[in-house]
Amino acid sequence: MAERDSKIKGTPLPRCPGPSVRDLALADTNPVPEFLYEDEYENLGSDPIPASRYTDLAFFALENQRLWPRIWQMAAREEELPEAGDYVVYENAGKSFIIMRQEDGSIRSFANVCLHRGRKLKTEDGWTAELQCPFHGFTWNNDGSLKQIPCRWDFSHLSDEKMQLPEISVGRWGGYIFLREAAEGPTLEEFLAPIPEHFKRWKHEECATAIWVGKVVPANWKVVMEAFMESWHTVVTHPQLLPFTGDANSMYNTYGDYVNLTVTPFGTMSPHIDPEGKEQQWIVDEFVKYNGRSSDNYDENIAQEEGGYNVKVPEGKTAREALGASLRETTTKMFGHDVSFASDAEMMDALLYNVFPNFSPWAGFQPNIVYRWRPWKDVDHCLMEVRVLTRVPPGQPHPKAPPMKFLTDTQKWTEAPELGILGDVFEQDMDNLPYVQQGLKASMNGEVQLANYQEIQIRQFQNTLMKYVES
């Protein structure tokens with residue numbers, strides 16, 4: 001026991017009875033990476049969180065001032081700007097940036113502000129041979145150097161050096177592009193650790209954005225993000241998932257200040273389900289009806305074949321074994337990458353990494369969901385974005401990312417049919433989140449109580465947030 005608990009700091013916390021992530025991993029068809037079943041967390045106590053962190057205008061202003069400029073933000077994917085001259089406009093917390101592909105293939109980022117009278121240089125993504133202000137025509141080269149000032153005779157006080165566009169630090173990993181305003185702080189590799197090491201197996205750089213949907217949610221960005229930082233709300237919010245989801249048996253790991261990992265096992269019944277009379281085939285049948293992430297959902301032809309939706313559990317096998325075998329077969333067939341070595345866990349489980357403060361990529365060999373949350377115009381709203389990354393077949397070029405489908409206030413997630421059954425799951429979450437925001441504003445005791453283990457990642461996130469806001 002001591003060896004297993006060596007990465008737990010403080011007193012180990014109680015866990016739900018039933019098959020653990022470790023139990024399932026050790027019974028897996030193929031070897032599972034140890035970091036997907038070994039506990040690693042710090043006991044962070046039981047203190048409540050002040051409700052004002054989600055509702056107070058002054059706290060919201062402190063986040064904009066002290067948090068966002070000082071941390072790495074996932075701003076784009078490489079496939080959004082594949083060619084030289086392609087650019088993305090990234091905006092958050094009142095700031096606007098241009099991310100530009102250079103002639104040598106590198107990526108640079110600049111403040112999206114004309115140095116003359118302050119107009120935004122660009123308002124939407126696109127391609128350009130130069131950066132020209134639409135107001136008076138001040139023009140910069142794509143590397144940020146000054147190209148032209150109209151009526152230059154009247155600006156003798158401005159040198160080319162003084163008029164260089166302010167440049168923002170850029171970091172790149174796994175096909176993702178990150179920005180940070182502040183010059184000081186951890187490197188991107190330090191900030192993301194241990195993700196770069198873990199993701200060597202799953203290679204998100206071999207993936208491309210296939211689906212991208214966004215919607216403004218009437219709740220604080222932290223309220224919405226934290227709803228995706230634990231799985232045990234499934235018991236009431238997503239009851240259709242319980243037959244194949246070990247919700248309360250999830251593993252919650254934390255790594256330093258910036259990264260955590262949730263492993264929620266699929267293909268196994270929730271401990272809230274009475275197993276009496278329920279066969280392994282029943283688990284599979286429920287999985288293929290309601291799981292929205294498997295590769296079967298992206299090709300109707302494969303879905304109808306034996307090994308697609310028609311998964312049969314052989315005598316003496318478990319639902320996890322049958323689903324793992326089917327998903328390895330269909331994923332290899334669909335995307336051209338041999339995943340015969342992959343574990344059942346990596347083919348079906350919810351492997352969700354959260355990167356402080358607002359970026360959450362799923363892991364594994366299936367099409368991967370990627371979440372991002374950004375504060376919107378006030379403390380009570382945020383922009384939630386959902387991407388689905390699929391693997392690019394060997395030898396094929398990365399397709400350019402589709403533009404984000406922006407759902408209106410009156411549209412539901414289910415009105416993005418490309419999300420499939422995921423839209424229904426997100427809509428169930430939306431049935432809670434606006435009322436969480438309203439409830440926090442009406443709180444009589446001003447406190448948010450958290451579970452010691454199942455919500456430990458929220459506590460880790462809040463502790464890191466305060467390190468920035470209070471410094």
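Only this structure's heavy atoms are used, side chains among them; waters, hydrogens and symmetry mates stay out.
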| field | is_close_aromatic(Y255, F35), centroid dist under 6.0 Å | value | no
| Any donor-acceptor pair under 3.5 Å from Q460 side chain to G256 backbone | yes
| message | Looking only at side-chain N and O atoms, does Q148 offer a donor or acceptor that is under 3.5 Å from a partner on Q132? | response | no
| said: Tell me the closest heavy-atom pair linking S443 and N445, and the distance in Å. | reply: OG-OD1, 3.2 Å
| query | With Y353, which of Y371, Y258, Y252, F199 fulfils ring pair (Phe, Tyr, Trp, His ring centres under 6.0 Å)? | reply | F199
| request: Under the side chain to side chain contact (heavy atoms under 4.5 Å, CB included) rule, what do M430 and M384 come out as? Steps first, then yes or no, please. | output: CA-CA 11 Å; M430 296 307 113; M384 175 174 169; 4.1 Å; yes
| message | Taking the basic N atoms (NZ, or NE/NH1/NH2) and the acidic carboxylate oxygens, is any pair closer than 4.0 Å for E385 and R374? | response | yes
| said: Please evaluate residues E79 and V392 with respect to the criterion side chain to side chain contact (heavy atoms under 4.5 Å, CB included), reporting the C-alpha separation (whole Å), side-chain torsions for both, the decisive distance (0.1 Å), and the verdict. | reply: CA-CA 11 Å; E79 62 269 15; V392 178; over 6 Å; no
| field | salt bridge (charged side-chain N to carboxylate O under 4.0 Å, His left out) evaluation trace for D160 with R152 | value | CA-CA 11 Å; D160 286 12; R152 183 67 187 254; 3.0 Å; yes
| Out of curiosity, R53 CZ to F59 CZ, how far, rounded to the nearest 0.5 Å? | 5.5 Å
| query | Take atom CD in Q449; do more than 12 heavy atoms of anything else shown fall under 6.0 Å from it? | reply | yes
| Take atom CD in E124; do more than 12 heavy atoms of anything else shown fall under 6.0 Å from it? | no
| Could you state the interatomic distance from CG (D56) to CD (E63), rounded to the nearest 0.5 Å? | 10.0 Å
| task | Ignoring hydrogens and angles, state whether a donor on the side chain of Y41 or D39 is under 3.5 Å from an acceptor on the partner side chain. | result | no
| request: Examine distances only and state if a side-chain atom of K162 and a backbone atom of H157 form a donor-acceptor pair shorter than 3.5 Å. | output: no
| request: Return yes if some donor-acceptor pair links the side-chain N/O of E206 with the main-chain N/O of R391 below 3.5 Å, else return no. | output: no
| Considering all heavy atoms, the nearest L146-N141 contact | O-ND2, 3.8 Å
| said: Taking the basic N atoms (NZ, or NE/NH1/NH2) and the acidic carboxylate oxygens, is any pair closer than 4.0 Å for R101 and E78? | reply: yes
| So, the side chain of Q457 versus the backbone of N253: is there a donor-acceptor pair under 3.5 Å, distance only? | yes
| message | As an exercise, state the distance from CD1 of I99 to CG of L81, rounded to the nearest 0.5 Å. | response | 7.0 Å
| query | How close do M225 and N358 get, heavy atom to heavy atom, and via which atoms? | reply | SD-CA, 4.2 Å
| task | Starting at CG of D380, measure out to CG of L57 and round the result to the nearest 0.5 Å. | result | 7.5 Å
| query | Is the distance between the ring centroids of W72 and F178 under 6.0 Å? | reply | no
| query | Cut-off 3.5 Å, side chains only: do E181 and W68 have a donor facing an acceptor? | reply | no
| said: Is there a side-chain contact between V213 and E418 in this structure, where contact means two heavy atoms from C-beta onward sitting under 4.5 Å apart? | reply: yes
| Can you check whether T123 reaches V89 side chain to side chain, under 4.5 Å on heavy atoms? | no
| From K289 atom NZ to L241 atom CG, the distance as rounded to the nearest 0.5 Å | 12.0 Å
| request: Of all the heavy-atom pairs spanning A182 and S169, show the shortest one and how long it is. | output: O-OG, 4.3 Å
| query | Roughly how far, to the nearest 0.5 Å, is CZ of F359 from CD1 of I71? | reply | 12.0 Å
| request: Keeping the roles fixed (side chain from Q102, backbone from D104), state whether a donor-acceptor pair exists under 3.5 Å. | output: no
| request: May I ask you to test the M348-F244 pair for a side-chain heavy-atom distance under 4.5 Å? | output: no
| field | Check against side chain to side chain contact (heavy atoms under 4.5 Å, CB included), R180 and F191 | value | CA-CA 11 Å; R180 185 178 65 192; F191 192 83; over 6 Å; no
| field | D247 versus T245, side-chain donor and acceptor atoms under 3.5 Å | value | no
| query | Can you check whether L121's main-chain N or O pairs, donor with acceptor, with N112's side chain at less than 3.5 Å? | reply | yes
| message | I'd like to check W221 versus P357 (side-chain heavy atoms, cut-off strictly below 4.5 Å). Are they in contact? | response | yes
| Of all heavy-atom pairs between P394 and H337, which one has the smallest distance, and what is that distance? | CD-NE2, 3.7 Å
| task | Starting from the C-alpha separation in whole Å, work towards a yes-or-no answer on side chain to side chain contact (heavy atoms under 4.5 Å, CB included) for Q462 and E226. | result | CA-CA 10 Å; Q462 289 285 338; E226 290 173 0; 2.7 Å; yes
| said: What I'd like to find out is whether the side chain of I107 reaches to under 4.5 Å of the side chain of R172, using heavy atoms alone. | reply: yes
| field | Whether H238 and H233 hold their rings parallel, tilted or perpendicular, with breakpoints at 30° and 60° | value | perpendicular
| query | Within the distance-only criterion (no hydrogens, no angle test), does the side chain of E197 pair as donor or acceptor with the backbone N or O of P194 below 3.5 angstrom? | reply | no
| query | When the aromatic ring centroids of Y290 and F266 are compared, is their separation below 6.0 Å? | reply | no
| message | Given 3.5 Å as the limit, does a donor-acceptor pair link the side chain of K147 with the main chain of E130, or not? | response | no
| Distance-only, no hydrogens or angles: does the T128 side chain make a donor-acceptor pair with backbone N or O of L131 under 3.5 Å? | no
| said: Donor-acceptor check, side chain of E415 to backbone of K412, threshold 3.5 angstrom: yes or no? | reply: yes
| query | In terms of the angle between their ring planes, are Y176 and W173 parallel, tilted or perpendicular, with boundaries placed at 30° and 60°? | reply | parallel
| said: How close do I456 and E42 get, counting heavy atoms only, and between which atoms? | reply: CD1-O, 2.9 Å
| query | Near W212 CH2, under 6.0 Å, is it more than 12 heavy atoms from other residues, nucleotides or ligands? | reply | yes
| note | In K120, K377, K122, the residue satisfying salt bridge (Lys or Arg N to Asp or Glu O under 4.0 Å) with E91 is K120
| Test item: side-chain donor near acceptor, N260 and T262, under 3.5 Å | no
| request: Indicate yes or no: does K7 engage E34 in a salt bridge with an N to O separation below 4.0 Å. | output: no
| said: Please report whether the ring centroid of W140 lies less than 6.0 Å from that of F110. | reply: no
| query | OH of Y435: more than 12 outside heavy atoms within 6.0 angstrom? | reply | no
| With side chains defined as the heavy atoms from C-beta onward, is the minimum distance between D429 and T237 less than 4.5 Å? | yes
| Contact check, side chains of V448 and Y54, non-hydrogen atoms, under 4.5 Å | yes
| task | Would you mind reporting whether F426 and L419 have side-chain heavy atoms less than 4.5 Å apart? | result | yes
